[in-house]
There are 2 protein chains.
Amino acid sequence: MDGPHRGNGPVTREKLIDAAGEIFAEKGLHGASIRDITKRAGANIASVNYHFHDKFELYTLVLRQAHEGVAEAMNQPLRADTPEGRVRELLSAMLTSALDPSRPKWHRQLVSRELLDPTPALDLMQDIMQRPCERLWEVVREIRPDLSEQQFMLTVSGVLAQCLFHVHHGHIARRMFPGVSGPSLRTLVDHISEFSLAALRGLHARGSRGRRSPARAPVARPTTGAKRRKSPRGKG
Amino acid sequence: MDGPHRGNGPVTREKLIDAAGEIFAEKGLHGASIRDITKRAGANIASVNYHFHDKFELYTLVLRQAHEGVAEAMNQPLRADTPEGRVRELLSAMLTSALDPSRPKWHRQLVSRELLDPTPALDLMQDIMQRPCERLWEVVREIRPDLSEQQFMLTVSGVLAQCLFHVHHGHIARRMFPGVSGPSLRTLVDHISEFSLAALRGLHARGSRGRRSPARAPVARPTTGAKRRKSPRGKG
DNA sequence: GCACCTGTCAAACGAAAGTTTCAAAACTTC
DNA sequence: GAAGTTTTGAAACTTTCGTTTGACAGGTGC
């Protein structure tokens, strides 16, 4: 179990992925070095290029693994009867999977980095964001079918923004309000639901400007192919 | 005016700062290279180490310049009579200075990067966020003095989150809703104000749990000293 | 036992990074 | 104009990066 060569194939591979996830989350694609990753994984320098082709392929694989849990949580059916209940259910699913403490912390951090950096693997991020946007759009339209198209976009963005903030920028809130205890998952879901639903009820329809909401949510279709770059520098 | 050496001292320095701002915003601290920066600035490679000590000192200087405009816009007095008016005024000041088209785009991008990366210059970010948090907290307390401390935090965070989203993650909204025209600054301020105020009116006070709001906003005090690292590697 | 494939290891590779050097050019001061 | 300071220039420096190499240890099938 602890010998140097003992069918370690998948073991070393997984240790590399875990170490790479942590270090990529800490320092980003450019800031992390293969020597750091292999050192933390307890593996040889050449192991990255052996198990994965190059650094960037390891990065995209790690990123894909980080975003999978969130993406699949978004596809579960909503069972609540009322649109208000479905809003809450949707937010609960999003935040629960995103803040799941059993998952390693670098999952959030990596996705957070990618949401900012549109460069390396933007299509993966679209996979994450598309379903919540679609479903939120639909539920919001059930509650307030009289809003303009732009109001829909701004409202959905506002709800998503609150979730994204607590998921990806929680450290800011913790730093700005050090005296206030951090909210539990339940409290978070309750507050954002109540806050957003109250706002939705009080919003005035902006009749004149903008078209009415279309029958279908005008959300970007996903790039299912997920066109991947071959190398970060396109050298080989 | 276009000769090789013509009192270029501060000229080269400023060109370096501008070029560094753009490239740092594009690629981050690690991704940007001094060769790229000096090439875009039309200067020699050694000029960065001559005018600034090293790469990191140039980075912090550029970051400080990027955040100054936003920080000072937050200190202007609020003139509106009603608390609701002051909320709108506050949001308008924040978004106007943050989205001011006359400022170079890399100001936003750099701050956006730093909001994510807690590593290099976190105190600068606190300078940016502290005043909006304080003032929002106070105005929200005027409107709804019955809310619990945690509800205040969540509400202020929610309002800030909407602003941050449109300032720093606008590309996500544009990508997710390609059919909807991006909102103007005026529309944005109107919507976030109306949305948040409607939510604030409809929020139920959570009486039992959490203490009531204190007389003073429990916002983190700024680190005025802004302790700066001497070098990215601490070598010399 | 032999060939074969899989993994691991230490070492080295070329490229690119940040930094330093030093001479020449421009500017300032007298 | 000469001396001294400031700024620029091209080149080289050291370090570190991602990647490659080739040898060697384990496992497997014949």
Side-chain angles (χ1 to χ4, degrees), chain A residues 1-20 23-24 26-63 119-120 228-236, chain B residues 1-20 23-24 26-62 119-120 229-236:
Chain A
M1 248 175 276
D2 50 336
H5 303 104
R6 188 74 68 94
N8 288 356
V11 176
T12 309
R13 218 183 110 96
E14 289 175 12
K15 285 201 293 185
L16 279 175
I17 291 180
D18 285 340
I23 297 189
F24 278 140
E26 286 175 19
K27 307 184 178 180
L29 171 60
H30 294 290
S33 73
I34 288 190
R35 281 172 176 82
D36 285 344
I37 293 173
T38 52
K39 186 178 179 182
R40 182 171 301 191
N44 190 267
I45 313 179
S47 55
V48 164
N49 295 94
Y50 176 76
H51 287 282
F52 322 92
H53 282 160
D54 53 16
K55 184 187 183 183
F56 187 73
E57 202 149 318
L58 170 60
Y59 180 77
T60 55
L61 197 148
V62 157
L63 184 68
T119 338
R228 293 164 52 203
R229 299 168 55 196
K230 294 203 62 173
S231 158
R233 266 177 287 293
K235 191 180 58 178
Chain B
M1 248 178 278
D2 51 334
H5 302 102
R6 187 75 69 94
N8 286 357
V11 176
T12 309
R13 221 184 105 96
E14 288 175 14
K15 285 200 294 185
L16 278 175
I17 290 180
D18 284 340
I23 298 189
F24 278 140
E26 287 175 18
K27 307 184 178 181
L29 171 59
H30 294 290
S33 75
I34 289 189
R35 280 172 176 81
D36 284 345
I37 292 172
T38 52
K39 186 178 179 182
R40 182 173 301 193
N44 189 267
I45 312 178
S47 55
V48 164
N49 296 93
Y50 175 77
H51 287 282
F52 323 92
H53 282 160
D54 54 16
K55 184 187 183 184
F56 187 73
E57 202 149 319
L58 170 61
Y59 180 76
T60 56
L61 197 148
V62 156
T119 336
R229 298 167 56 193
K230 293 204 63 173
S231 161
R233 268 174 287 290
K235 191 180 60 179

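What's counted below: heavy atoms across the whole structure, side chains too, no hydrogens, waters or symmetry copies. Here is the naming used below: chain letters follow the sequence lines, and residue numbers restart at 1 for every chain.
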Choosing from [options], which nucleotide comes nearest the side chain of [X]?
X	options	answer
A:N49	D:dT20, C:dT8, C:dT19	D:dT20
B:D54	C:dT19, D:dT8, C:dA10	C:dT19
A:A46	D:dA10, D:dG18, D:dT21	D:dT21

Apply the test side-chain contact (heavy atoms from CB on, under 4.5 Å) to residues A:D54 and A:E57: give CA-CA distance (whole Å), side-chain angles for both, the deciding distance (0.1 Å), then the verdict. CA-CA 6 Å; A:D54 53 16; A:E57 202 149 318; 3.3 Å; yes
Specify the separation, in whole Å, of atom [atom1] of [X] and atom [atom2] of [N].
X	N	atom1	atom2	value
B:L16	C:dT19	CG	P	14 Å
B:N44	C:dA26	CG	C1'	15 Å
B:K55	C:dA16	NZ	C1'	11 Å
B:I45	D:dA10	CD1	C1'	8 Å
A:H30	D:dG18	NE2	C1'	13 Å
B:Y50	C:dT21	OH	P	15 Å
A:F52	D:dG18	CZ	P	15 Å
A:K27	C:dA17	NZ	P	19 Å

Side-chain N or O of B:H51 versus OP1/OP2 of D:dT8: is the shortest distance under 4.0 Å? yes
N/O (side chain, A:T12) to phosphate O (OP1/OP2, C:dG7) under 4.0 Å: no
For B:K55 and B:H30, work out which heavy atoms get closest and say how close. NZ-O, 4.0 Å
[X] side chain near [Y] side chain, heavy-atom distance below 4.5 Å:
X	Y	value
A:F24	A:L63	no
B:I17	B:E14	no
A:T38	A:N44	no
B:K15	B:V11	yes

So OH of A:Y50 and OG1 of A:T12: to nearest 0.5 Å the spacing works out to 10.0 Å
Here's a test for you: under side-chain contact (heavy atoms from CB on, under 4.5 Å), which of B:V62, B:I37, B:I34 qualifies with B:I23? B:I37
So B:H51 and B:L61, side-chain contact (heavy atoms from CB on, under 4.5 Å) or not? Walk me through it. CA-CA 12 Å; B:H51 287 282; B:L61 197 148; over 6 Å; no
In degrees rounded to 10°, what angle is found between the helical axes fit to the five outermost pairs at each end of the helix from C:dG1-D:dC30 to C:dC30-D:dG1? 0°
Just to be sure I understand the geometry, which residues of residues 31-42 of chain B put a non-hydrogen atom under 4.0 Å away from DNA chain C? B:A32, B:S33, B:I34, B:R35
